[in-house]
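The structure under discussion appears below in the form of structure tokens.
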Amino acid sequence: EEFPCSLSSRLIDYHGADVIVSSILDLTERKAAESELERQREMLHQSEKLSALGELLAGVSHELNNPLSVLLGQAMMLQETTEDPEIKARADKIGNAADRCARIVKSFLAMARQEPTRTEPVDLNTIIEEALEVTGYSLRTTDIDLVWRAAGELPPVLADPDQMRQVFTNLIVNAQHALEAVDTRRQLRIITSYRKTRNEVVVKVKDNGPGVPASVRSRIFEPLYTTKEIGSGTGMGLALCHRIVEAHGGTIELESRTGEGAAFAIRLPCADRQEPARPIPEPGPRPAGGYQVLVVDDEFDVGQIISDVLAHEGHSVEVAQSGRLALEKIKRRRYDVVLSDIRMPNMDGPTLYQAIQDTRPDQIEGLAFITGDTLSPRVKEFLDASQRPYLEKPIAPKEIRDLVDLLMRRKAN
């Protein structure tokens, strides 16, 4: 068999005869060690880039969380309170767009965390169909023929549906951009299948575009690396797909040759059989006029929209713009629910939690947090230790209502 080697030859005089002395050194192990070292260097380089990217995404996301929460809440409130069908339709469009932005922000945060936000058994056929609903109009207007072959009775995978929807949306949009350079018939093929031997679901997304040049195939999943023209791409899409799929225990690979289009194969392990869900007990009788709720947030608009959402449900709501003001209110009266931000001046969420534990422990079961800072190790450690329910900003009205109902169900039990 062939192997790498170092060959050295020398002509010498050996008892009056010209003799060539040669030595061969097998370099297989050395080359393997060098290759592994290079791989480790590349992994470290990628880790450093992703770490820096994670900090950037966390900062950007944190700045967007509060205004997106306000936008989502106001759009939903407008939709629910207006009688004008035209205004209702416009509010619906604003809410859908804001909700999509919120999901993207949460996907960025999940990318920085390297873990899914939540997991549940999902049908990938359904997820792909939802991604096609978002991208379908663009595919039709660019004359792209879609071939969608969904395997029947596809086993569920354990995944975050929002993140997986983002993966397939990115792949479809990338394929659309690649096909814009094709003058002949444009085609996008999406095929799902189940591999019983490996107990995995396989999704293949293939286009008949120009494909990926061999020189850049090894770099296409790098963050901030793009082959698109300036202004056409950020280099985030495939990096986000790669991070999400790997966080779900799966793989994503490029399977294509130059001139034969791009083909991406995603493989995800099937979900183990789940125990039947136990029914959630119904909450006890609701107090007349709803629950007594205290909202604690130093951002006035965020606190106000949470208050408006809950007041619309018939609850009695007060707002405190600092932990210190909230503690004074809690000492004076009893609240059924306290929803608090974590990062606040004067007294932050963890300090407020400890103060309630010390002074009004009877109210601790009604406490939950709403935060945009779950990437902070200190905040994550606090949330894990306190075991209090929390929402991650940006928040939607339904999430706020569900959180209040969850707290009351727990208190009822």
Side-chain angles (χ1 to χ4, degrees), residues 53-54 57-58 60-62 64-69 71-73 75-76 92-136 138 150 154 156-174 190 192 201 203 205 223 234 236-250 252 264 266-271 274 370-375 380 383 389-403 406:
L53 182 62
L57 290 175
V60 172
S61 299
H62 187 266
L64 289 173
N65 281 332
N66 285 336
L68 271 177
S69 296
L71 184 58
L72 275 169
M76 185 64 68
D92 185 49
K93 290 180 179 179
I94 295 171
N96 289 338
D99 185 56
R100 185 179 176 192
C101 291
R103 289 198 302 270
I104 292 172
V105 167
K106 289 185 177 181
S107 294
F108 282 170
L109 289 172
M111 181 178 179
R113 269 196 304 265
Q114 304 186 45
E115 63 182 17
T117 304
R118 59 189 174 93
T119 57
E120 60 187 60
V122 298
D123 179 5
L124 286 187
N125 285 338
T126 302
I127 296 296
I128 294 170
E129 287 172 357
E130 291 171 351
L132 287 171
E133 286 181 7
V134 176
T135 57
S138 297
L154 199 64
V157 300
L158 202 60
D160 182 319
D162 288 336
Q163 290 185 18
M164 294 312 303
R165 197 176 298 112
Q166 189 70 29
V167 167
F168 294 115
T169 300
N170 281 340
L171 292 178
I172 293 169
V173 170
N174 276 0
I190 304 177
T192 60
V201 174
V203 182
V205 181
T234 61
M236 290 289 295
L238 287 177
L240 178 62
C241 293
H242 188 270
R243 177 59 66 90
I244 290 174
V245 172
E246 284 206 334
H248 284 78
I252 177 171
F264 290 91
I266 295 176
R267 295 175 174 83
L268 289 167
C270 295
Q274 302 292 311
I370 299 176
T371 179
D373 194 30
T374 53
L375 280 178
K380 186 69 168 62
L383 290 172
Y390 69 92
L391 288 179
E392 186 175 13
K393 294 178 181 179
I395 49 175
K398 182 179 183 303
E399 293 176 317
I400 300 170
R401 296 164 182 155
D402 290 346
L403 179 59
L406 171 66

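Both backbone and side-chain heavy atoms feed into the values below; hydrogens, waters and symmetry mates do not.
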Identify the two heavy atoms, one from [X] and one from [Y], that lie closest to each other, and give their separation to 0.1 Å.
| X | Y | answer |
| --- | --- | --- |
| Gly95 | Leu72 | O-CD2, 3.8 Å |
| Thr192 | Ala150 | OG1-CA, 3.3 Å |
| Cys270 | Val157 | CA-CG1, 4.2 Å |
| Arg165 | Ala131 | O-CB, 4.1 Å |
| Gly249 | Pro269 | O-CD, 3.5 Å |
| Pro121 | Leu158 | N-CD1, 3.7 Å |

Quick one: list whatever passes side chain to side chain contact (heavy atoms under 4.5 Å, CB included) with Glu133, sequence neighbours left out.
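Glu133: no side chain to side chain contact (heavy atoms under 4.5 Å, CB included) contacts found.
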Do [X] and [Y] have side chains that get closer than 4.5 Å, going by heavy atoms?
| X | Y | result |
| --- | --- | --- |
| Asp402 | Leu406 | no |
| Asn174 | Phe264 | no |
| Leu171 | Ile266 | yes |
| Gln166 | Asn170 | yes |
| Leu268 | Met164 | yes |

If I take atom [atom1] from residue [X] and atom [atom2] from residue [Y], how far apart are they, to the nearest 0.5 angstrom?
| X | Y | atom1 | atom2 | value |
| --- | --- | --- | --- | --- |
| Glu392 | Glu399 | CD | CD | 9.5 Å |
| Gln163 | Thr119 | CD | OG1 | 10.0 Å |
| Glu130 | Asp123 | CD | CG | 9.5 Å |
| Leu124 | Leu154 | CG | CG | 6.0 Å |

Using only atom types and a distance under 3.5 Å, with no angle test, would you say the side chain of Ser69 pairs donor to acceptor with the backbone of Ile395?
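Flag set: sc Ser69 to bb Ile395 pair under 3.5 Å.
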Any donor-acceptor N/O pair, His248 side chain to Asp160 backbone, under 3.5 Å:
yes
